[in-house]
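Below: one structure, written as structure tokens.
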Amino acid sequence: LPFLLLGGYIASDFYIEHKAQEERVFQLVPFGHCDVLNKKCILKSGEFEVNVYDEGGITTVNSTFPLDSATLFLVDKENVPTVYRLGMKDSPYYWKNRTPLRDLVANKGDNHKLRLIAKIKGGQYISEFYTQTTK
């Protein structure tokens, strides 16, 4: 009996350790209207905030916590995503890449579906949202 009890403790330790190493996934939700071209697109999850904006065809993600990586997806009308891996710009708080987003939402009223995956130390923050140009 003591051997089985000890085996149970060891097995539960392995299980708990494995669970701790699994990536946790959190939902980022748009805070109000999202307009990437006019620098008005904030995604939130608790204390964590991400600002998504575009300047001159360079789409940038700026976060309140340092990221390990950031990936942006532009999703077309058929729901097919195009992947843009963002590169770090000066610090792990800023990630950017050239995208065609500015051309896709150039006119007032234009909208486009986006997805974002921001990774921080074992956690993934994900979002699917629309940007709509307001002016």
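In this text the structure is predicted, and so the values were computed from the model without any measurement.
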Is there side-chain contact between [X] and [Y], with heavy atoms separated by less than 4.5 Å?
| X | Y | answer |
| --- | --- | --- |
| F65 | E47 | yes |
| Q124 | R24 | no |
| L114 | T131 | yes |

Atom pair [atom1]/[atom2] of [X] and [Y] - distance to nearest 0.5 Å:
| X | Y | atom1 | atom2 | value |
| --- | --- | --- | --- | --- |
| T134 | D35 | OG1 | CG | 4.0 Å |
| L101 | I58 | CG | CD1 | 12.0 Å |
| I126 | L116 | CD1 | CG | 10.0 Å |

Could you check whether any side-chain N or O of [X] sits under 3.5 Å from a backbone N or O of [Y], counting only pairs where one atom can act as donor and the other as acceptor?
| X | Y | value |
| --- | --- | --- |
| S45 | L28 | no |
| N51 | N62 | no |
| N38 | K40 | no |
| Q132 | G109 | yes |

Verify same cluster id: Y53, L37 (apolar side-chain graph, 4.5 Å):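 Each belongs to a different hydrophobic cluster.
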Hydrophobic cluster membership, L86 vs V75, 4.5 Å side-chain cutoff: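 Cluster IDs for L86 and V75 differ.
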Sequence neighbours excluded, every pair satisfying disulfide (SG to SG under 2.5 Å) that has a member inside [range]:
| range | result |
| --- | --- |
| residues 76-135 | none |
| residues 27-135 | C34-C41 |
| residues 64-135 | none |

Name all residues meeting the side-chain hydrogen bond (donor to acceptor under 3.5 Å, both in side chains) criterion together with [X]; count only those two or more places apart in sequence or in a different chain, and write none if there are none.
| X | result |
| --- | --- |
| D54 | T59, R102 |
| Q27 | none |
| K39 | E55 |
| D110 | none |

Summary of salt bridge (charged side-chain N to carboxylate O under 4.0 Å, His left out) pairs that have at least one residue in residues 124-135, sequence neighbours excluded: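 Qualifying pairs: K113-E128, R115-E128.
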Nearest non-hydrogen partners of P92 and S63, listed with the distance: O-OG, 4.2 Å
Ring pair (Phe, Tyr, Trp, His ring centres under 6.0 Å): pairs with one or both residues in residues 94-131, sequence neighbours excluded: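 Residue pairs passing ring pair (Phe, Tyr, Trp, His ring centres under 6.0 Å), neighbours aside: F26-Y125, F48-Y125.
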For residues 67-74, dump all side-chain donor-acceptor pairs below 3.5 Å to protein atoms at least two apart in sequence or in another chain.
residue, atom, partner, partner atom, Å
D68, OD2, K121, N, 2.6

Fellow cluster residues of F31, listed by chain then number, with links counted only when side-chain atoms sit under 4.5 Å apart: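 Members besides F31, by chain and number: I42.
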Pairing residues for K96 by the salt bridge (charged side-chain N to carboxylate O under 4.0 Å, His left out) criterion, not counting sequence neighbours: none
